[in-house]
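Encoded as structure tokens, the structure appears first; notes follow it.
Within every chain, numbering begins at 1; the chains are lettered A, B, ... in the order of the sequence lines, protein sequences first and strands thereafter.
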Amino acid sequence: MMRRSLIFDVSIDTVFRMSLVFSIFMFFAGHNAPGGGFIGGLVAGAALVLRYLAGGSDGSQQVGARFAHVMLGTGLMIAVATGFGGWVWGTEFLENTGVGAELPLLGTVKATTSLLFDAGVYLVVVGLVMEALGSLGHEVER
Amino acid sequence: MTFVLITTVALLYGVGAYLIMARNLLHIVIGLGLIAHGANLLLLLAGGAPGSPPLVGAEAARIADPLPQAMALTAIVITFGITAFLLAMAYRSWILHGDDVVEDDIDDRRIARQAPSKDDS
Amino acid sequence: MNALVVLPVALPLGAAGLSYALNRYPRFQRVLGVATLTTVLGLAIALLVNVQANGVLVKAIGNWTGPIGITLAADLFSVIILVVSMVVLLAVLVYAIGSPRTSSEARFFYPTYLILTAGIALSLLTADLFNLFVAFEIMLSASYVLITLGGSRDQIRHGTTYVIINLLASMLFITAIGITYAAAGTVNMADLAVKLGDISPAIRDALGALFLLVFGIKAAIFPLFFWLPDSYPTAPAPVTAIFAGLLTKVGVYAIIRTQTLLFPSDGPSTLILVLAGLTMVVGVLGAIAQNDIKRILSFHIISQIGYMIMGLGLFTIAALAGAIFYIVHHILVKTALFLVGGLVEHTMGTSRLRRLGGMVHRAPFIAALFLIPALSLAGIPPLSGFLAKLTLVQAGLEINQFLIVGVSLAVSLLTLFSMIKVWSGVFWGTPDPAAPPGEDVGTGRLVFPRLMVLPTAALVLLTLVFVVAAEPLYRISEHAAITLLDPTLYIEAVLGR
């Protein structure tokens, strides 16, 4: 068991939450501006890595680690399913379609199929980081 | 500008090629990483003249060619993943053998064993 | 109808996700794997029928048409290889289910195997050079995992070489793509076929050589084959079988595709013929020097690659048809041989010739399963190897390329010699007095898992069907060769004209 630094611990705790919020912002910013599922996932993954660095192999630190493979697999399925979805609403494989609406307070909001695809990518990336932390981090330390 | 980049590409390939001739897996990984950087830079160079970022809303005439950038991004992700895998293998090799030396061909070793050693002659 | 082109790639990919999400349930993973591959095999056959009737099928991903978007295109050549690949992938999956392994390996085996399937399908169907690179990486990443699954000493040692060589080849591939894009401004293969004609011949030749080098490493042609015999035999038997049967052939597919579409020559190419001859000779000589079934068979892969490249080098319709015919024959036969090798190793506990012997008395059925593909590989009439070699030899004689024809015939004899060596080492002679691990204690009979024998027998049977159906098969191959040599149809279909 490695020694934990209090300062690192406390500051990571703040940064961790902020990074997660930022990753969600990145996720929604995507497609027409820098961002998207991959980058959002990477930011969230980086947050998880920071958390691991602070907490080490303390089992309680990685809450969702047991479901990492479910996350990764589901993400891949969502991404592929979005491709097939095109046939359901009458477009080509992986073609981008969506609906836009004027909502109070939020302004114009668009929901596109590429957002769904990106959600899949996000899950794959986060799941992958968690799997890697599990097998290359926790298992190795043991 | 382009000349500097081309020289950089050549340098990266050269240093990388030198490093992958080492015995030690870590040297090889670093060498492959350098070659990968060279290749990605080459992809970027293939896109032609620099311009503003290819984002929606930018002036079409002034933006850089986005295709090589997309290709470079893909290539970076792929090489990153495989490099991580190689490092994991180096770690495993270290656990099993205590070193990370990349060995000779099986038949090379067989032939080497059959040849009279230099001390005998 | 064009949706058929996407499904062989997308289905295994989605199934891999499901299989990985539920990797605590091996029974479900098995059912899912077999179901997916059976479906994809059905789709591939439907695709074959469709392409034969309607010509090249094209699908633009996301409705971004070529040359900007990524296009998938199925022509007869790619679909033929796709069908055979799926047959072999399915057979080997059943074999893998039957062969024992630890549960932690199994958890990763099935999803990775499905990813491998998706990568192979995408490599065969894509009409875009960069997408081909991505497809190769999907396939290779899966193969890296499969070759080191289990993480034993030998696997790590030789797997390392395999990964390094392939990563280096991938870097060269990116380099070649970068230079291509700088020279022609496109990576769509159909668009390139048109535009490469306009650029300076020197750059064109350099690019052609670079692509030959890149795919030559993946296909293990002379002098880039050295990694293969070391890395393949260390993996578990089903993995070795699928690698031996398929992966190098995907490299051959890429060589034939790029050299016919992008860098066509006017007549027989001396460079490729010399490479083909040397690949055959060096491979078979290497095989003769070995004393282990798996290593002998690995060297034979190299030797056989030479024949396929020879078909490309002759560059006539008959020769390319022969090459396609040969690839189909080789995928079936080679996989079957490796599966038998795996059976022998599983039951006898070793694959070294010196410690085996006398199996013809103790397991005559297994001996027969080995004998048929082995003789076929050596080109004994009337088996499939004989027909495949005959078409190539005839094509060579037609255009007076006597040297390469002579070499190929001599190599056939040497192949027969080394097959006889395996036969007399494993199946004839006196058995080792010590009881092998696969022996039933009570009856003293050798036990072979039924799920491992069944797919092996099915593949051997298919090689025999290949002989009976040779005429129509050759007709299809010839048709495919005609489209390869006259790519205007392919180009027009991909560019959507």
Under 3.5 Å, side-chain donor or acceptor atoms of residues 41-49 of chain A against the rest of the protein: list the pairs with distances, not counting sequence neighbours.
none

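Residues passing the side-chain contact (heavy atoms from CB on, under 4.5 Å) test with A:Ala79, sequence neighbours excluded: A:Phe117. For the side chain to side chain donor-acceptor pair (under 3.5 Å) test, residues two or more places apart in sequence or in another chain that qualify with C:Thr126 are C:Asn131.
For chain C, the nearby parts of A:Val70 are the backbone and the side chain; heavy atoms of each come within less than 4.5 Å.
Taking all atoms of both residues into account, the shortest heavy-atom contact from A:Leu76 to C:Leu13 is CD2-O, 3.5 Å. Smallest separation of non-hydrogen atoms from A:Phe84 and C:Leu11: CZ-N, 4.4 Å.
Listed by sequence position, C:Tyr20, C:Ala21, C:Asn23, C:Arg24 are the residues of residues 20-33 of chain C in contact with chain A, using a 4.5 angstrom heavy-atom cutoff.
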